[in-house]
Amino acid sequence: MPDVELIAVGTELLLGQLLDTNTAFVAARLAENGIDVRATHAIGDNRERIAQAIRAALARCDGVVTTGGLGPTVDDLTKEAACDALGVGTELHRPSLAHMEAIFASFGREMRENNRKQAELPRGSRVLDNPRGTAPGFVAFGADGKFVACMPGPPHEMKPMLVEKLVPFLRERYDLHSAIYTRVIHTIALGESEIDHRIDDLFRTCENPKIAVLAHDFRADVKVMAKAESPEQAEEMIAPLQRDIEGRLDGYVFGTDAATPESTVLDLLHARGWTIALAESCTGGRIAAALTGVAGASQSFAGGVIAYDNAVKESLLAVDPAIVERHGAVSEAAALAMARGVRERLGTTVGFATTGIAGPGGGTPDKPVGLVWFALDRDGAEPRAWEYRFRGNRSEVQARAVTFALGVLWNQLRRPE
Ligand code: ATP
Ligand code: MG
């Protein structure tokens, strides 16, 4: 199994001005494909230090993968450093030059000498085309057969280059047949420790596929990872274990892989031909933002009212002022009235409301910070409300309330009538 070290190039990374997301992405894709990542580094835009880091890494493992510093400007020095470390010169790569000329021509801009420099690649390199940008990536080789693969910094250029060009190249070069295939089982409203308890024996006994639990705010994923030679083989290995896990977590699994709570809620609404309207107080439109983040949301999501002030609850949602006066704006009665009001005003099948105290101020002994009421009002059904006391600061309370809301909606909408 080949092993590599990763180097993220860029002074911004060392100043804390740029978060290095490239390294995590590259590491995950390489690991999935059977390439061991031994160490990761961040180095500033300094030719000597980059060269030194490459040399040191090559002394320890089979190759180095870098991102960043391939652009046309004076602080883009990765290619030069790779040449220094490997002791090779550069040569013009004509197809890359032609690709760059075509891009500049299509923008009607003149190509500068420093752009031309980007088509000069280490002698004997394997080129990694860059259809999303100008600078190509490349894999350069040392006399000992070790490699330095360099890719551009912008993630939208680097990711497809890695997945479509570099990974296939390395798989072939090192004759790698197996890959890690992952199935993610998404749960909601079940604590990490409860999940752990329910699948503990699988945890301890499963080697391939292997399982892991990943907790998010108010929900958790179970990952099933199989090392297999093909997607079909992986599916055969994963399917029985997945069924077992889903059985043990029955009632809490809302979907797999790309499914999100919001996409699942919209799918359920769509399948029933229902529409929804939201009345949000303490969540400030975040549930609506989650739903509208899903393509095709307009099929089922009509709209919402951010009813923050009581006057808005009363004027736009027809909440009776007597309810607010008697029970307060954060109450079961107010939540129910908001849900009904928004459903009636927007003419939807379902109305859903949140009202709570996000904090840090505004709490009382009766109604502490973190208390949130949720209500669901559906045409022709008994309205329902739920109360939950969230812990955390203001943004945590809001984020958790959104997940809880989507969990409640999922739970209610999936039930047969
Ligand atoms: P360009 O031609 O755009 O200059 P480049 O290969 O020279 O590409 P850099 O100059 O190092 O790349 O970085 C360009 C941009 O790419 C950065 O400003 C940043 O937005 C993004 N980027 C670079 N490295 C990383 C990284 N490790 N993680 C996330 N984003 C990164
Ligand atoms: Mg640059």
Side-chain angles (χ1 to χ4, degrees), residues 4-31 35 37-54 57 63-86 90 92-93 95-107 109-122 125-140 147-167 169:
V4 301
E5 295 191 15
L6 310 185
I7 300 176
V9 175
T11 302
E12 294 161 286
L13 297 166
L14 302 182
L15 296 174
Q17 293 166 347
L18 176 66
L19 185 67
D20 177 13
T21 55
N22 283 354
T23 294
F25 187 86
V26 175
R29 297 295 85 73
L30 294 182
I35 298 160
V37 176
R38 298 283 181 210
T40 67
H41 316 270
I43 311 281
D45 300 310
N46 177 292
R47 181 168 172 169
E48 241 166 77
R49 281 196 285 272
I50 302 167
Q52 212 171 49
I54 294 175
V64 172
V65 178
T66 74
T67 63
L70 286 190
T73 61
V74 284
D75 62 354
D76 291 319
L77 298 162
T78 306
K79 179 176 63 198
E80 290 75 3
C83 286
D84 294 348
L86 294 168
T90 59
L92 182 68
H93 185 253
S96 296
L97 184 64
H99 169 69
M100 279 192 264
E101 283 169 346
I103 289 181
F104 276 86
S106 73
F107 289 144
R109 274 178 30 217
E110 196 186 328
M111 201 167 109
R112 304 276 179 215
E113 206 40 51
N114 56 2
N115 289 113
R116 199 174 298 273
K117 176 191 106 164
Q118 292 182 280
E120 297 272 349
L121 302 182
S125 303
R126 161 96 181 202
V127 180
L128 306 171
D129 302 329
N130 186 0
R132 279 98 176 162
T134 51
F138 57 85
V139 188
F147 72 89
V148 180
C150 300
M151 295 185 289
H156 72 278
E157 295 179 33
M158 182 282 287
K159 290 179 182 182
M161 183 181 289
L162 172 72
V163 172
E164 292 162 21
K165 304 280 156 42
L166 182 58
V167 165
F169 169 73

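Values below: every heavy atom of this structure, side chains too, minus hydrogens, waters and symmetry copies. Order of listing sets the numbers, starting from 1, for every ligand and every atom in it. Here the structure is a predicted model, which means the values were calculated and not measured.
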Can you find a pair of side-chain heavy atoms, one from Pro72 and one from Lys117, that are under 4.5 Å apart? no
Is any side-chain heavy atom of Pro122 closer than 4.5 Å to a side-chain heavy atom of Leu86? no
min-distance N/O/S atom, Asp76 vs the Mg ion (ligand 2), resolves to OD1
Those residues at least two apart in sequence (or on a different chain) that pass side chain to side chain donor-acceptor pair (under 3.5 Å) with Arg47 are Asp84
Would you call Glu113-Arg116 a salt bridge at under 4.0 Å N-O? yes
Considering only distance and modelled atom types, tabulate donor-acceptor pairs under 3.5 Å from the side chains of residues 14-21, sequence neighbours left out.
from  : atom 1 : to    : atom 2 : distance (Å)
Asp20 : OD1    : Asn22 : N      : 3.2
Asp20 : OD1    : Thr23 : N      : 3.0
Asp20 : OD1    : Thr23 : OG1    : 3.2
Asp20 : OD2    : Thr23 : OG1    : 2.5

So side chain to side chain donor-acceptor pair (under 3.5 Å) across residues 148-161, not counting sequence neighbours, yields Asn130-Glu157
Starting from the N and O atoms of ligand 1, collect every protein N/O partner closer than 3.5 Å and put each pair on its own line with the distance to 0.1 Å.
from     : atom 1 : to     : atom 2 : distance (Å)
ligand 1 : 6 (O)  : Gly69  : N      : 3.3
ligand 1 : 6 (O)  : Leu70  : N      : 3.0
ligand 1 : 6 (O)  : Gly153 : N      : 2.9
ligand 1 : 7 (O)  : Gly69  : N      : 3.4
ligand 1 : 7 (O)  : Leu70  : N      : 3.1
ligand 1 : 7 (O)  : Gly71  : N      : 2.8
ligand 1 : 7 (O)  : Asp76  : OD1    : 2.8
ligand 1 : 10 (O) : Asp76  : OD1    : 3.4
ligand 1 : 11 (O) : Gly69  : N      : 2.9
ligand 1 : 12 (O) : Gly69  : N      : 3.4
ligand 1 : 12 (O) : Gly153 : N      : 3.4
ligand 1 : 16 (O) : Pro154 : N      : 3.2
ligand 1 : 22 (N) : Gly153 : O      : 3.3
ligand 1 : 27 (N) : Asp20  : OD1    : 2.7
ligand 1 : 28 (N) : Thr21  : N      : 3.1
ligand 1 : 28 (N) : Asn22  : N      : 3.2

